[in-house]
Amino acid sequence: MSQRNCSKDGPTSSTNPEVTHDPCNYHSHAGAREHRGGDLSPPSYLFCGLFGDPHLRTFKDHFQTCKVEGAWPLIDNNYLSVQVTNVPVVPGSSATATNKITIIFKAHRECTDQKVYQAVTDDLPAAFVDGSTSGGDGDTKSLLIVERESSRYVEMHARYIGTTVFVRQLGRYLTLAIRMPEDLAMSYEESQDLQLCVNGCPLSERIDDGQGQVSAILGHSVPRTSLAQAWPGYTLEAANAQCHEKMPVKDIYFQSCVFDLLTTGDANFTAAAHSALEDVEALHPRKERWHIFPSSSHGTPRGGGHLSVSLGLTCLTFIVFL
């Protein structure tokens, strides 16, 4: 300053400049909060998915197979509501699958008015129920629907709440996957506690082994002939082979695929399980948690053995038809 004859008076740069942010961009104002608070860690995201007949992956990465016939809330917080309707797949079976999805993006200050999206079997629109395809003002929309495959696959991007939703139709049934910031997903009232993505299915609605495994009901002797009585369309070997073509890793998605083929005989459930895993890889924030393997609580090594998978699926298929 002496060499340049600079004045010591006058404005100087702040050591803590204000961070400008877009109030309708969650990533922007989340970053501003972190800057003011001195916390440099990025916001934490959660994933939830529903597919098949139906298999639920909760925000806590718990995996469950449920009945939940009729209308059930997946998410119901201060920003977003998601409800699914499930119908029986095979007469005489407790297995169901999703044929209707309703999503409500709640009004959020200047960012968007309330927008409602509804999909039913054979009607997967690329617009909200009011006919619009976006929410918010300006060129950069705070809420947008993108059609990836006509009448088969749409994405919803809600910038103002940092949330992404995938909805697909595979065969006669729908699948859903969602990523949402943890602080928003957990923002709900005590009366809104019935949320399958948050707390899982009620125990009375579960048809897995009580630990989220469709392959680990062991210690019970069930005749193998029960498979033929349940559904003659697939043998266990044929179901294993078909699912292995799409999913070489024998994780819980592979086992869900086998289970669905045995209980329904519908080959479209193979594509549903495969797409569900693709959605996990696209939306789940933690790669090391993409695959879920059977626990060793029954003495089975992590990843499971072929015998345990075979026996477990045989037992579970029999139970579904009881």
Side-chain angles (χ1 to χ4, degrees), residues 23-27 29-30 32-34 36-37 39 41-51 54-86 96 98 100-119 128-129 135 142-143 156-167 174-208 210-212 283-286 289 292:
C24 295
N25 184 334
Y26 175 82
H27 303 288
H29 58 73
R33 287 197 302 268
E34 291 156 13
R36 290 194 298 269
D39 182 5
S41 61
S44 176
Y45 289 86
L46 301 176
F47 173 88
C48 182
L50 187 78
F51 71 98
H55 307 289
L56 170 71
R57 181 168 181 160
T58 72
F59 282 145
K60 299 175 183 176
D61 285 326
H62 295 164
F63 198 95
Q64 302 172 354
T65 299
C66 311
K67 294 179 289 187
V68 289
E69 182 177 349
W72 289 79
L74 284 185
I75 296 172
D76 184 19
N77 57 49
N78 296 336
Y79 303 90
L80 182 72
S81 291
V82 180
Q83 179 176 282
V84 296
T85 301
N86 303 312
T96 65
T98 303
K100 182 179 181 180
I101 295 174
T102 303
I103 303 171
I104 301 175
F105 294 91
K106 299 180 181 180
H108 188 74
R109 296 191 294 272
E110 70 269 30
C111 299
T112 183
D113 296 328
Q114 177 172 290
K115 293 290 183 178
V116 179
Y117 178 83
Q118 190 168 91
F128 296 107
V129 294
S142 58
L143 176 61
M156 280 156 271
H157 300 272
R159 294 172 57 250
Y160 68 102
I161 53 173
T163 297
T164 302
V165 183
F166 291 177
V167 178
L174 307 176
T175 71
L176 180 136
I178 181 169
R179 179 177 63 192
M180 190 171 194
E182 182 175 10
D183 62 329
L184 304 189
M186 295 297 115
S187 177
Y188 57 88
E189 306 300 325
E190 187 176 344
S191 60
Q192 298 171 291
D193 62 338
L194 182 57
Q195 301 181 58
L196 302 191
C197 281
V198 176
N199 297 313
C201 299
L203 286 175
S204 60
E205 297 292 328
R206 301 274 292 275
I207 56 175
D208 50 36
Q211 299 182 24
L283 296 179
H284 198 291
R286 300 183 61 176
R289 293 187 179 180
I292 298 177

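The basis for the numbers below is simple: all heavy atoms, side chains too, and nothing from hydrogens, waters or symmetry mates. The residues of the chain are indexed from 1 along the displayed sequence.
Atoms NE2 and CD1, from H62 and I292 in turn, are 9.0 Å apart once rounded to the nearest 0.5 Å. In this structure, E110 CD and C24 SG are separated by 4.5 Å, a value rounded to the nearest 0.5 Å. To the nearest 0.5 angstrom, H157 atom NE2 is 11.5 Å from T163 atom OG1. Considering NZ of K115 and CD1 of I104, their distance stands at 13.5 Å, rounded to 0.5 Å. In this structure, OG1 on T98 lies 12.5 Å from CH2 on W72, to the nearest 0.5 angstrom. Between C48 atom SG and D61 atom CG the span is 10.0 Å, to the nearest 0.5 Å.
Applying the ring pair (Phe, Tyr, Trp, His ring centres under 6.0 Å) criterion to F128, with sequence neighbours excluded, gives no partner residue. The ring pair (Phe, Tyr, Trp, His ring centres under 6.0 Å) check on F47 picks up H284, with sequence neighbours excluded.
Between L50 and I101 there is no side-chain heavy-atom pair separated by less than 4.5 Å. Using a 4.5 Å heavy-atom threshold, the side chains of M180 and L46 count as separate. Within the 4.5 Å cutoff, side-chain heavy atoms of P43 are placed close to those of Y26. Counting heavy atoms from C-beta on, the side chains of M186 and V198 come closer than 4.5 Å. Looking at heavy atoms from C-beta onward, I178 lies in side-chain contact with L80 at the 4.5 angstrom threshold. Side chains of T164 and L283 form a contact here, defined as non-hydrogen atoms less than 4.5 Å apart. A heavy-atom distance below 4.5 Å is found between the side chains of P202 and L196. The side-chain heavy atoms of V129 and Y117, taken from C-beta on, include no pair separated by under 4.5 Å.
Pairing each heavy atom of H27 with each of N25, the nearest pair is N-OD1, 3.0 Å. The heavy-atom pair separating N77 from Q195 by the smallest distance is N-OE1, 4.2 Å. The two atoms that bring Q64 and C201 nearest to each other are OE1-N, 2.7 Å, heavy atoms only. Annotation for T58 and C197: closest pair CB-O, 3.3 Å, computed over non-hydrogen atoms. The two residues K67 and S204 make their nearest non-hydrogen contact at NZ-O, 3.2 Å. Looking at every heavy atom in both residues, N78 comes nearest to K106 through O-CD, 3.6 Å.
Under a 3.5 Å cut-off, the side chain of K100 and the backbone N or O of Q83 do not form any donor-acceptor pair. Side-chain atoms of T65 do not come within 3.5 Å of backbone N or O of H55 as any donor-acceptor pair. Within the 3.5 Å criterion, the main-chain N or O of G135 finds a donor-acceptor partner in the side chain of S142. A donor-acceptor pair under 3.5 Å links the side-chain atoms of Q192 to the main chain of D76, judged by distance alone. Distance alone, capped at 3.5 Å, is enough to place a donor-acceptor pair between the E205 side chain and the V68 backbone.
Few gaps surround CG on N199; more than 12 heavy atoms of other groups in view lie less than 6.0 Å from it.
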Dump the intermediate steps for side chain to side chain contact (heavy atoms under 4.5 Å, CB included) on F59 and I75, then the final yes or no.
CA-CA 10 Å; F59 282 145; I75 296 172; 3.8 Å; yes
